[in-house]
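Notes follow the structure.
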Number of protein chains: 2
Amino acid sequence: MKETKKILLNSRPEGKPDNSNFKFDTENIPEPKDGELLLKSVYVSVDPYLRGRMSDAPSYIPPFEVNKPIKSLVVAEVLESKHDNFKKGDHVSGMLDWKEVQVAKGEDMMKVDKEKAPLSAYLGILGMTGLTAYLGLTEIGKPKEGETLLVSGAAGAVGSTVGQIGKILGLRVVGIAGTDEKVEMLKKEFGFDEGINYNTTENMREAIKKTCPDGVDVYFDNVGGDISDAVLFNINKFSRTVVCGAISIYNETSIPQSNSVQPFLIKKSSLMQGFVISDFADKHPQGVQQLAKWLLEGKLTYTETVEEGFDNIPQAFLDLFEGKNKGKMVVKV
Amino acid sequence: MKETKKILLNSRPEGKPDNSNFKFDTENIPEPKDGELLLKSVYVSVDPYLRGRMSDAPSYIPPFEVNKPIKSLVVAEVLESKHDNFKKGDHVSGMLDWKEVQVAKGEDMMKVDKEKAPLSAYLGILGMTGLTAYLGLTEIGKPKEGETLLVSGAAGAVGSTVGQIGKILGLRVVGIAGTDEKVEMLKKEFGFDEGINYNTTENMREAIKKTCPDGVDVYFDNVGGDISDAVLFNINKFSRTVVCGAISIYNETSIPQSNSVQPFLIKKSSLMQGFVISDFADKHPQGVQQLAKWLLEGKLTYTETVEEGFDNIPQAFLDLFEGKNKGKMVVKV
């Protein structure tokens, strides 16, 4: 094989991205040098956060460059290894270009084991989704057995994983979601103790009080806004709020206003902390190991949507914004 | 001596407290039992937070009871000891009743050394003021040499101590206060690098950016509200906000609104944490020791107002609300 297909950023999207923002091209495949691997993409992750990297607005990760390849989390097979830790036939995951075949440094790749879990799981429950849930909850939330965990955006890929991990760790777990179906799913599929449908609940503050009678010790926040305002009235002394997402206020054009958190934080000696998953990069291998163990033991479940074909990667990404996926969206190359 | 004077809560204040809320009485002095000390009050601390304990609204500390003595931090002399750690003539500090003489458990008292610092200092710079500044800054703020520390309410007793400790620890320190005189004092008396007068500054966000050109790593927040909203735009990755007070919004009758903090916390992997000084009770002795050392070395300065006479304790307390004190207010019994 001498050439590989690749997908480049063709132009920066204004508003919702479309196919014109992507460009297909080919390039020659270089020889791997010492310490490098020749890799064949097997599963490619498409994620909403990639939209942010397509813009050049300042953010916590640098933007993609126009006419350069898009990158995301990829599971790949080792075709040739010049790094001692890997051999031909191994599978790895890492941030890789959208290419069928490419060369990468072995030190940037993590070996994954297809005996322990399906390879696609390393992009979701054993990838960023699972690590965000596990490390956000454990490193910032610091949950203790018997405490109450409240999760907003609970039916999402991260939220549903957070709730399941909460149950494994012996917490009372309550989830907030937007439809009765989702609330049912939280309880039946993911083992949450209680759920709240914020769209049909008039008084969120009271609903949280009722479902969390001992108060909230850990709040895993995916939404911000009014829901998080209501949570403030129910936090316990020494409670921890894991600020993971603020989906309810991302698209507001002016700076959104909410209840001042300071008096609540003082009264309850309470902590709020934001994070991105790269903050805990040194804990990723241990996190994946723990998640894989729980998955193997049948303690964790997840949903995913698998599209097929390298050429369909951009469309799978665009489909995310139409809500065509259920759970984690991946493309089998 | 058989009898002691004492000061009781006569009634709960509505709005601003006055003399009618206090009542003088006498009682017989009991004999100290095993483990107890007979104590003579030397300096009594009067503090704004006592106003909260005079009400019966729920708070982080239980309210005073009507017809029971008011309590505050007191430095006392040991008249008689039935506890191995103390002897006659020692001085101690602790939460004690407003009485001239009383019996207390030795285990609740901390020995203080009048050779190391004036006894009144144990109520301020070596008491709650100093501990609030030192433990809030070090335990939550976790400052590192070379970082930038921003302090709001910087001219107050806590704020001016925070700034001085920041300088001792090798930080760039910027203070926010409400008059040009206070800003001058921050720089001349307390060694702050820069000051901002929020009453004469139109664009706080820009003023903070200008005085903190490398961004804010630690924000010690005594005020909340608009000032803290402006700080959010200037926080650095992994910054820590020590939420110590929210004086600007305590008296609002409805729940005050501010910029939603969540998007800022996520973008900067940033932490906000509230506290009260009792959260760090196990670290008080070490804190007092460190503060006393800096005081002895001339690295810390403070101001205090000393009133005289046991009978003047209520008036000294009331004077706090008229701003008659400069720095920490104490009464020499």
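For the atom pair CD (A:Gln273) and CZ (B:Arg240), the distance works out to 10.0 Å, reported to the nearest 0.5 Å. Rounding to the nearest 0.5 Å places CZ of B:Phe275 at 13.5 Å from CG of A:Leu271. Considering CG of B:Asn259 and CD1 of A:Ile255, their distance stands at 5.0 Å, rounded to 0.5 Å. Distance check, rounded to the nearest 0.5 Å: CE of B:Met272 to CG of A:Leu265 gives 5.5 Å.
Smallest separation of non-hydrogen atoms from A:Ser260 and B:Gln257: OG-C, 3.8 Å. Contact between B:Ser269 and A:Val276 at its shortest, heavy atoms only, is OG-N, 3.6 Å.
Within the structure, the ring pair (Phe, Tyr, Trp, His ring centres under 6.0 Å) test picks out the following pairs touching residues 132-154 of chain B (sequence neighbours left out): B:Tyr134-B:Trp294.
Looking at B:Phe280, neither its backbone nor its side chain comes within 4.5 Å of chain A, counting heavy atoms on both sides. For a residue to count as touching a neighbouring chain, one of its non-hydrogen atoms must lie under 4.5 Å from one of that chain's; by this rule B:Val243 touches chain A with backbone and side chain alike.
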**OP:** Would you check, one step at a time, whether the test side chain to side chain contact (heavy atoms under 4.5 Å, CB included) holds for B:Gln262 with A:Thr241?
**Re:** CA-CA 10 Å; B:Gln262 290 90 346; A:Thr241 294; over 6 Å; no
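Around the CG atom of B:Asp108, the shell of radius 6.0 Å holds more than 12 heavy atoms that belong to other residues, nucleotides or ligands.
Legend: residues meeting side-chain hydrogen bond (donor to acceptor under 3.5 Å, both in side chains) with B:Ser270, ordered by chain and number and at least two apart, are B:Ser239.
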